[in-house]
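Because only heavy atoms are used, hydrogens play no part in the values below, and waters and symmetry mates are left out as well, while side chains stay in. Residue numbers start at 1 and run along the sequence shown. These numbers come from a predicted model, not from an experiment.
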Amino acid sequence: VASAFPIAFLSNPIVFVFLRLCLWLEATGICSGAWVVAWIHAKIAGFQRDEVYIGTPEERAAKNHADKKENQDIEPGHPRIPAYPAGDDHFSMSDDEEEDTERDTEAQVEQEA
């Protein structure tokens with residue numbers, strides 16, 4: 001009914017009040033749809049708290065797996081891996097590798113011709 005007559009459906013006072021209530025509840029974040037889906041998924045998958053899998057900080061420190069100081073100073077959005085600018089020679093090939101690549105390319109061109 002709502003898809004066939006949306007104006008008539010939304011102008012119904014009961015539907016309007018219910019819609020406003022749902023939008024207010026969603027805006028609070030208490031019953032956000034994503035939280036409900038995540039909760040259901042966690043129950044189905046049997047997820048547990050991180051401490052069960054990796055231990056508490058004290059347990060990790062006792063096993064020489066303590067958190068490293070250099071990993072704690074990284075701000076959100078910053079890569080933890082080295083980032084090289086475009087055109088950087090970091091990944092350049094040696095002369096032997098370049099010759100092998102050229103030979104392979106020439107052989108492939110000859111086979112295709």
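- To the nearest 0.5 Å, atom OG1 of residue T105 and atom CD of residue E110 are 11.0 Å apart.
- Under a hydrophobic-cluster definition in which Ile, Leu, Val, Met, Phe, Trp and Tyr are linked whenever side-chain heavy atoms come within less than 4.5 Å, directly or via other members, F9 and L23 are assigned to the same cluster.
- When the side chain to side chain donor-acceptor pair (under 3.5 Å) test is applied to R103, the partners found at least two apart in sequence or on another chain are D100.
- Cluster annotation: V36 is connected to I44 through the hydrophobic network of ILVMFWY side chains, with a link wherever side-chain heavy atoms come within less than 4.5 Å.
- Side-chain atoms of E59 come within 3.5 Å of backbone atoms of T56 as a donor-acceptor pair (strictly under, hydrogens ignored).
- Residue pairs meeting the salt bridge (charged side-chain N to carboxylate O under 4.0 Å, His left out) criterion with at least one member in residues 30-49, sequence neighbours excluded, are R49-E51.
- Shown here for T28 and L25, the closest heavy-atom pair between the two residues is OG1-O, 2.6 Å.
- Remark: Y53 OH is packed, more than 12 non-hydrogen atoms of other residues, nucleotides or ligands lying under 6.0 Å away.
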